[in-house]
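Note that these values count all heavy atoms, side chains included, but never hydrogens, waters or copies made by symmetry.
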Amino acid sequence: MEAFKILPVLKKKLAFLSGGKDRRSGLILTIPLCTEQTSMEELSATLDYLLSIPSEKCKARGFTVIVDGRKSQWNIVKTVVLMLQNVIPAEVSLVCVVKPDEFWDKKVTHFCFWKEKDRLGFEVILVSANKLTRYIEPCQLTDEFGGSLLYDHLDWLNKRLVFEKFTKESTSLLDELIVINENEKGSQFSNGLTLDFCPKCCFSPLITGHELLSELQQRRFNGSEGGGGGGGGTAWSPMDDELLAQPQVMKLLDSLREQYTKYQEVCRQRSKRSQLEEIQTKVMQVVNWLEGPGTEQLRTQWGIGDSIRASQTLQQKHEEIESQHSEWFAVYVELNQQIAALLSAGDEEDLMELKGLQQQLSDVCYRQASQLEFRQNILQSAHEFHMTAQDLSQQLDGLLGMLCADVTPADGAAIQQTLKHLEEKLKSVECALQSLREKGQVLLDQMSTQTSFSYGKDVSIENKENIDHIHSVMEDMQLRKQRCEDMVDVRRLKMLQMVQLFKCEEDASQAVEWLGELLDALLKTHIRLGDDSQETKVLLEKHKKFVDVAQSTYDYGRQLLQATVVLCQSLRCTTRSSGDTLPRLNRVWKQFTVTSDERQHRLEMASAFHTAAVKILRESPELAELMVDMEAYEEVETVGKGLLDRLTVPVIFPDGSEQFFGSPGDMASSAESIRERMKLVEEKRFLQEEAEQRLDEEALEVGARES
């Protein structure tokens, strides 16, 4: 019988076990009768419930029943006492009927109970409330009988409900756990049980049981204290060890903990098997995807593209493939961690299976990751190869543009700068081509060492197209570079010829300047005619050498201008020729020629003048036999006057311009020197004429004397 089924009846407190004991340690059952009519059925149900609580050991010690009839009639008391015979005849040791203060017919009551003693099986006594302590200790009586034992019926009822609920739930839970654990041992694990059974349900009875056990232990301790002291303490409940409450709770709790521990192990094993099955499923999902769609994606991606844009497109596609693989690799990492955790705490029978799964997963993931990395490296190398090829192509286009453009340099320095720039361009092209070869070789090496994809797919056919493309690009760039080199050689030759052309023109102009400087020196510094014939001869020799230098300069300029013409013809430079250099050279040369001839003529006249003058002046004027022919005087005079006249005449160039030798002062000095010499000759002539006149006079005198 359960309390909650007769809860309204129990709340009426028709009977109760206060927890007190008689002197024989028998339990005290109290039946407080009231003025109202007591339902015997309800009282019987209450007694049946209360008597189901104590253990058989407690029942064997017998009950002392206190029937409180102070507020009831005798016939009701009698009915209750007789009912005890039917309900608990063997367990009742003594029935104490607490009589009211009013008088009952003592003889009748005594006679009736005495008469029925053998038939009832227990002793019935009438006693007033204040005399009840003769049979029961005050500390075992509740306060309505003058005792000190505290009893709260509602508190007891609530605790009893809690106890029964705990007992019921714990027993049900215990049965279910036993079934689950036994089925697991027999390898007949019921999925239905595990699905309907919630492990959290174990915590509520356990918590309730521990709280209840703590309450019982506390109340037992306090109750003992209260009993010993005869006074205070909390309300005493009959759910102590004598009523099997505490031992039952402890037993149920121990059983629950034991079965729950087994159930936890079952759940752990089940969870481990479930986790292992889940890991197996996920491992196969990862392996199947990587060896299926993942491998197929890599199989379809074998090209390297034919341009930067194409290689970038392939790289983007590869990044998408890597992104998809990354999701599965993340699952791999998670699975690997789970497997590692299981391996560190796994059973021996699971180790081989787990290690096999881990090895299979690692092999597939590492193989796929290496293929992804290999593909990424090839695409990166292909991208660098195409970038280098494009850069080289642009450099070749720029170089070709330079070579196809007309060369119109202003001077040799500009040509040298252009040549230097051209050489730098060619060197840059050579470096770019070398870099292209290196990157192409790296790419070829990578493709030659490319391993087969999963299941041994041969990629040699696809690679052949890529290899042919790489060789084609490198050969095309080599041919373009060779053509540019040939054009550079031609352009270099042409520009070197232009350098020579500019050099020849520059040197020719320099020759004109030198010739002009010689002409200027001839006119300004070559003015002396010499003071005697010897000095004049020296000046003539110097003049010839000077003219030879000028002749060499003129010939050098002519040769340079002829070379210029030849170079212009070679360069097909119809718009360029010697320009005004040749006319200038010829004009200066003609001016120099006229001037040098004039200088030559003057020096020759001066030489003749000095020679004639010296011939006259070296003769002794006193010696008659050394008389000079008069023609010699006339010659000196004629040459001297002619030379003086020549000094006053400017040099007239072919273009009609005029130019004097030296300054007027220089010419005056030269003329003065000639005049002084002419004066000396004139004096000599005058002396010779006087000598001749004296000789003539002397001859006349001699002839006169002789005649």
Side-chain angles (χ1 to χ4, degrees), residues 12-38 40 43-44 46-47 50-51 54 58-153 156 223 226-227 230-231 236 238 242:
K12 292 180 180 181
K13 197 180 179 181
L14 299 178
F16 64 89
L17 289 168
S18 64
K21 299 177 182 178
D22 58 19
R23 289 186 174 90
R24 294 175 293 102
S25 297
L27 295 176
I28 298 175
L29 174 64
T30 304
I31 303 175
L33 299 177
C34 58
T35 56
E36 299 177 359
Q37 186 67 29
T38 301
M40 292 299 111
L43 178 58
S44 178
T46 302
L47 290 175
L50 291 176
L51 292 174
C58 290
K59 291 179 181 180
R61 287 196 293 267
F63 288 90
T64 294
V65 181
I66 299 176
V67 180
D68 189 0
R70 289 177 294 179
K71 297 180 181 180
S72 182
Q73 298 177 0
W74 165 248
N75 59 342
I76 296 175
V77 172
K78 181 180 179 180
T79 302
V80 170
V81 171
L82 294 176
M83 186 181 66
L84 292 175
Q85 179 188 13
N86 298 326
V87 178
I88 49 173
E91 288 83 358
V92 177
S93 299
L94 176 66
V95 176
C96 295
V97 178
V98 181
K99 63 182 181 179
D101 294 336
E102 293 81 9
F103 177 76
W104 278 340
D105 189 345
K106 190 172 185 180
K107 292 183 179 180
V108 173
T109 56
H110 179 73
F111 174 78
C112 290
F113 288 122
W114 182 261
K115 181 180 179 180
E116 299 292 333
K117 178 179 180 181
D118 294 334
R119 188 174 63 85
L120 291 174
F122 50 79
E123 183 182 0
V124 180
I125 61 172
L126 292 174
V127 63
S128 58
N130 56 358
K131 300 288 182 69
L132 194 60
T133 56
R134 294 179 180 178
Y135 306 96
I136 303 171
E137 295 295 333
C139 63
Q140 302 297 322
L141 294 173
T142 56
D143 58 351
E144 57 259 47
F145 301 114
S148 61
L149 180 64
L150 298 178
Y151 175 74
D152 186 345
H153 185 68
W156 170 85
W236 178 253
E242 294 294 326

Is it true that a side-chain atom of Asp143 and a backbone atom of Gly146 form a donor plus acceptor pair closer than 3.5 Å? no

Parallel, tilted or perpendicular: which one describes the rings of Tyr151 and Trp156, with boundaries at 30° and 60°? tilted

Heavy-atom pair of closest approach, residues Leu17 and Ile28: CD2-O, 3.5 Å

Minimum heavy-atom distance between Pro138 and Thr133, given as atom pair plus value: CG-CG2, 3.9 Å

Can you sort out the partners of Lys12 under salt bridge (Lys or Arg N to Asp or Glu O under 4.0 Å), two or more places apart, ordered by chain and number? Glu42

Name the one of Val81, Leu50, Leu47, Val95 that satisfies side-chain contact (heavy atoms from CB on, under 4.5 Å) with Ile31? Leu47

Sorted by chain and number, sequence neighbours left out, salt bridge (Lys or Arg N to Asp or Glu O under 4.0 Å) with Arg134 holds for none

If I compare all heavy atoms of Thr46 with all of Ala15, which pair ends up nearest, and what's the gap? CG2-O, 3.7 Å

So does Val98 get a backbone contact from the side chain of Lys131, meaning a donor-acceptor N/O pair under 3.5 Å? no

For Glu137, check salt bridge (Lys or Arg N to Asp or Glu O under 4.0 Å) against everything at least two apart and list the hits. Arg23

Answer yes or no: is there a donor N or O on one side and an acceptor on the other, between the side chain of Gln140 and the main chain of Lys21, under 3.5 Å? yes

Using modelled atom types only, decide if a donor and an acceptor are shared between the side chain of Arg24 and the backbone of Arg61 within a distance under 3.5 Å. yes

Quickly, which of Val80, Val124, Val127 forms a side-chain contact (heavy atoms from CB on, under 4.5 Å) with Val97? Name it, please. Val124

Minimal non-hydrogen separation, Thr79 against Asn75, with atom names: OG1-O, 2.7 Å

